[in-house]
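All residue numbers refer to positions in the sequence shown, counting from 1.
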Amino acid sequence: MPSFSNGVIFLLILLVVTLPLYCSATLDAEERQKEEQVRKEAIDYVSKADMAPEPPQNLVVDVQSDSVVLLTWTKPSDTADLDHYLVYVEGEDMEDSTSTTFYVWEDLEACRNYTFGVRSVSAVGDMSDPELGDGRTDVGRSPQPQNLQGESESSTSMTLTWDKPDTLCDVESYLVKWGLDEADLEKTQVTNTSYTVPNLLPNTSYIFKVSAINSVGEGDAATIHETTAEDDGGPPEDLVAVGVSTSAINVSWSPPPYKLPEYYKVKGLPCMYLETNVFGLSYLITKLDPCQDCEISVTSVYDNGIEYTATAVGETLASDIPPPKSCSVEVQDDYLTVSWVAPDSDCALGKYNVLWTSTKLWGDGEEDSGSVNTSATQYSITYPAPYSKYSFDISASIDGVFGSPASCSGTSHEALPGPPVILSVVSEQGAAVVTWETPAEENGVIKNYGITVDGGTDPVTQVAGDEHSARVEGLEPCVSVGLAVKALNGAGWGPSSKVEYVTVVDDVLPEEVDCDAHDLGVEVCWLPYSDSCPVSRYNLKWEGDVLWSDDLVDSDSTTMEWTADEICYSISALPYTKYSVELTVGSGVEAVNCSAVTPMAAPGPSTEVNVATEGLVITVTWSEPEKKNGIIDFYQVKWEDSTGGIGSLTTEDNSTFFSEIQVASCGVTVDVTVMAKVVDVAELGDASPPVTAYLVNSVKTLNCESSEPGQVSLSWTLEDAECPVGFYNLTWTYDSLWSDDAGDGWENVGKDDISATVTSLPAYSNVFLQIHVDNNLEYTDCSATTPEEASSKPTSVEQIANSTSSVTVAWGLPLSIRGTLNGWRLRWKAMNGDVIDEVTVTNPEEMTYEITELSSSSSYVVYVMALNGAGEGDPEKINVTTAYISDPSPSNTGLIIGLSVGGGILLILLLFGGFILYKKNGSSKPIILGYVIHIIGHSTSERRSL
């Protein structure tokens, strides 16, 4: 295409150049003008035809599968000369054209590298330079292997060979399948291009398939049908020759798998020189020597003269293998050697087995063991575990079979023990206590442990080997020393443990102790003798001489723990007291001392404060405070009355214990307190509890009387009618005289009243009354007894017995007696309400009564009432009934029984006759029948007391 376009262009140019020369002589001006126009158009066409388009851009090769590749690209930047695209595969006869910017190549070969090209093509056929891209197709399913062939080298096998499939893709392996039909194929996987299929049947047609396997799986299979060769016999199979005794070897075999021989020939060298024909599958060779080898051959003999031979080697059993002789152990420091003598045997001896075990005779008895085979008659263990029992079992062998062992043992020597491990070093008073663990390597029996000090070689303290702690005394206190522990066994002293440092503590007194007194107490401080040397304890004791008391002493003690810093203790001290402090350490008696006097403090409240009033004067007396807390300077008396008036008085010295207060008017109460002051303290001490003085009126006379039930009336007169009263406070208590009831109450009475009545009091009770004027604690009292009131009903009234002429009634106490119980009254009436009689029971404890002279078979109403000082109480009634009269003649028993029986028979007859009469007449005679029954019943009623 490019050469053709260039030729056309050359001819056009030649025509344009020569045509004017050829026609110039004949053409006129008009024709020359037309020619010029044609020439110009031809030149434009030529110039256009000579411009090739730009190539495509950004070619992308996208492999879609093992046979498909997608090409994509973008248009050139200048598309003026672009008409379409040419796509092609370099080196292949593959090209096509497209107007799109993509193209799909199909039916490509799997696993093959391709170079793809795309050119831009103009309308006149000019082409751009190519845009190229490479791609490799994916792995595809493999085609079948080539040239599959089979050759039967034996009647039971088939050797298959084949060539690699026609593919560029790698083959990972081949799957070989075979069988009698397609539905039941055996298979195996191989990597070579040949395989021998075993265990086939002779003269049998088989299907054989071989397929290639690559990364995408199994490919197509090549298939052939082949037939195995005919079977012509073979040697015996599974030939075994086994010694069954010291003089015999048993030979056994299996027949050839497909064609059985006529018989077998057995021969053994050098144990038998003549062949023996055998028609079975075993043969016993006898009369041999122990441990005798025999090379045995068994031959299959066929009727066509062909023979196949198999061979095996057998050996008779050895006689019992005796143990080695003279087993002994030699012990040295660095090794143990066990030696023995070979046993007597008819057979050649093989190697000896040496089985040994060791048990450490220290620690947890750790065990070890080993086994070795040797041709020598001795065996050594180098560097055996120290102080361990080694036990040896030596066995001889014949043909690899070991006999019974000979045994012997020995104990290795002790070695120096390892270092103990110190667990702790604890300082105690004047000593150090060391504890440790047994050495990891005791290497013998530990006899002793020794403790060394500051790198010394000789122990300063030793303990028995079963001890694991020791107290080391005699060490200098408050100085750091290094302690180590080492162990001793039969081999000597072992190495020392790691050194541990300790400072031995002891009870060393501080150099001094300081006492500092202040308002809150005494602060006692001291520095320890050494900040690295603790003491067992500090003992602090103090005694306080109270300077404001002749008999009070403040003494106590305490103990304190050691600290490395300054130690202080605050004594909660009394004011104005000289404290003497003593400090000791541990159990020692040596002490350091100090003393201090605490300052005075405000005193406590004055005691025994009392007030007495006379007119408008209050006299106050008191005693000095229990806690003076210093030297008393003076006392101050303060008061405040109920109207808000206040005042105070100060004594001239500390020996005055009374004061008088002048009050302006009566009718007030005055609260009085007393305070003391010491000489060195500006503030007054605590005030005494207020004591109240009453400058109020009082009741002169008080009368109490009780004339109405539940009431007490009071009236009174005043001492001073002119002194006003704010109110009266009336309180009372009462105690019942007939029960356990008790109670109290109160009420306020108006200031203008001089009488009052207390109501709602229980009957027959002692009432105690008090009357106060205003809130004055002083009072006037009186008492009275409330009148008795009628009792409530008796309880539990019931008839407890009766006869034909009497009834007996019983009852219980009333719930509310309301006075002194004097007795009981019973009153009984007939049922129509007529009073029959009454009786009074004067004994209050008698609560039953028999009412006599009553009619038999009669009912009555009985009323029971309690009697007290108020008379009859509320009645409780009960209906009673006397008994019926019964037949008094006991001698008519037989007559009564006869009458009863006769009456019963008569009753039956009458009833039967009445029934018949009723049935006959259609009616009954109930009146006559009832009358008869009444007569019969009446005749027996008295006997039965109906």
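Under the 30°/60° scheme for interplanar angles, the aromatic rings of W178 and Y195 are found to be tilted.
In this structure, CH2 in W356 is found 13.0 Å from CG in D393, a value given to the nearest 0.5 Å. Distance check, rounded to the nearest 0.5 Å: OG1 of T227 to CG of N203 gives 7.0 Å. With rounding to the nearest 0.5 angstrom, the NZ atom of K351 is 9.0 Å from the OG atom of S397. In this structure, OG on S205 lies 11.0 Å from CG on D181, to the nearest 0.5 angstrom. Put simply, CD1 on I381 and OH on Y383 are 14.5 Å apart, with the number rounded to the nearest 0.5 Å. Considering CZ of R136 and CG of L108, their distance stands at 13.0 Å, rounded to 0.5 Å.
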One pair to check against side chain to side chain contact (heavy atoms under 4.5 Å, CB included): L86 and M127. What are the steps and the verdict? CA-CA 8 Å; L86 176 72; M127 290 186 290; 3.6 Å; yes
Going through the distances and angles, do D96 and Y103 end up as a side-chain hydrogen bond (donor to acceptor under 3.5 Å, both in side chains)? CA-CA 9 Å; D96 199 359; Y103 188 82; 2.7 Å; yes
Test S173 against T191 for side-chain hydrogen bond (donor to acceptor under 3.5 Å, both in side chains), laying out the working first. CA-CA 4 Å; S173 61; T191 57; over 6 Å; no
Could you go step by step and tell me if S155 and T228 meet the side chain to side chain contact (heavy atoms under 4.5 Å, CB included) rule? CA-CA 5 Å; S155 61; T228 54; 5.7 Å; no
Between N353 and S371, is a side-chain hydrogen bond (donor to acceptor under 3.5 Å, both in side chains) present by the stated rule, with each step listed? CA-CA 7 Å; N353 176 256; S371 177; 3.0 Å; yes
Report the C-alpha distance between T299 and T309 in whole Å, list the side-chain angles of each, state the deciding distance to 0.1 Å, and finish with yes or no for side-chain hydrogen bond (donor to acceptor under 3.5 Å, both in side chains). CA-CA 4 Å; T299 302; T309 301; 2.8 Å; yes
Apply side chain to side chain contact (heavy atoms under 4.5 Å, CB included) to the pair W105 and M94, showing each step before the final yes or no. CA-CA 9 Å; W105 285 107; M94 299 171 64; 3.7 Å; yes
Dump the intermediate steps for side chain to side chain contact (heavy atoms under 4.5 Å, CB included) on F208 and T223, then the final yes or no. CA-CA 6 Å; F208 298 96; T223 304; over 6 Å; no
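Considering every non-hydrogen atom in both Y264 and G280, the closest pair reads CD1-O, 3.4 Å. L185 approaches G179 most closely through the heavy-atom pair CD2-N, 3.5 Å. Here the shortest heavy-atom pairing between P420 and S497 reads O-CB, 2.9 Å. The heavy-atom pair separating P439 from A487 by the smallest distance is CG-CB, 4.1 Å.
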Taking only distance into account, with no hydrogens and no angle test, what donor-acceptor pairs under 3.5 Å do side-chain atoms of residues 138-150 form with protein atoms, sequence neighbours excluded?
unit_1	atom_1	unit_2	atom_2	d
R141	NE	E218	O	3.2
R141	NH1	D220	OD1	2.2
R141	NH2	D220	OD1	3.1
Q146	NE2	K164	O	2.8
N147	ND2	D163	OD2	2.4

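In this structure the side chain of L180 reaches within 4.5 angstrom of the side chain of T204, judged on heavy atoms. A heavy-atom distance below 4.5 Å is found between the side chains of P384 and Y390. Between Y174 and I213, the closest side-chain pair of non-hydrogen atoms is not below 4.5 Å. Looking at heavy atoms from C-beta onward, T72 lies out of side-chain contact with D62 at the 4.5 angstrom threshold. Here the side chains of V266 and I296 are in contact, with some heavy-atom distance below 4.5 Å. With a 4.5 Å cut-off on side-chain heavy atoms, V69 and V61 count as touching. Under the 4.5 Å side-chain criterion, counting only non-hydrogen atoms from C-beta, I224 is in contact with L160. Contact check for L71 versus L59: side-chain heavy atoms found under the 4.5 Å cut-off.
The environment of CG in D303 is crowded: more than 12 heavy-atom neighbours from other residues, nucleotides or ligands sit within 6.0 Å. By the 6.0 Å contact criterion, CG on D166 is open, its count of non-hydrogen atoms from other residues, nucleotides or ligands being 12 or less. No more than 12 heavy atoms of other residues, nucleotides or ligands sit less than 6.0 Å from atom CD of E295.
For W73 and F102, the distance between ring centers is not under 6.0 angstrom.
Under the disulfide (SG to SG under 2.5 Å) criterion, no residue pair touches residues 58-90, with sequence neighbours excluded. Sorted by first and then second residue, the ring pair (Phe, Tyr, Trp, His ring centres under 6.0 Å) pairs involving residues 130-153 (not counting sequence neighbours) form an empty list. Among residues at least two apart or in separate chains, salt bridge (charged side-chain N to carboxylate O under 4.0 Å, His left out) pairs with a member in residues 252-269 are K265-E275, K265-E307. Within the structure, disulfide (SG to SG under 2.5 Å) contacts touching residues 67-179 (residues at least two apart or in different chains) are C111-C169.
Partners of Y263 by ring pair (Phe, Tyr, Trp, His ring centres under 6.0 Å), not counting sequence neighbours, listed by chain and number: F279.
Neither side chain, Y114 nor D134, offers a donor N or O lying under 3.5 Å from an acceptor on the other. Judged by distance alone, the side chains of S254 and E237 never bring a donor and an acceptor atom under 3.5 Å apart. Using modelled atom types and a 3.5 Å distance limit, the side chains of S388 and S358 yield no donor-acceptor pair. Under 3.5 Å, the side chains of H468 and T438 contain a donor-acceptor pair of N or O atoms. Checking E54 against S77 by side-chain atom types alone, a donor-acceptor pair falls below 3.5 Å. For S282 and S252, the side-chain atoms include no donor-acceptor pair closer than 3.5 Å.
No donor-acceptor pair closer than 3.5 Å links the side chain of Y379 to the backbone N or O of L336. Between the side chain of W362 and the main chain of P386, a donor-acceptor pair closer than 3.5 Å is present. E437 contributes no side-chain N or O that, together with a main-chain N or O of V421, makes up a donor-acceptor pair within less than 3.5 Å. At least one donor-acceptor pair closer than 3.5 Å links the side chain of N304 to the backbone N or O of I306. With S152 contributing its side chain and A229 its backbone, the two residues share a donor-acceptor pair below 3.5 Å.
Ionic pairing of E182 and K209 is present here: one or more N-O contacts between side-chain nitrogen and carboxylate oxygen are shorter than 4.0 angstrom.
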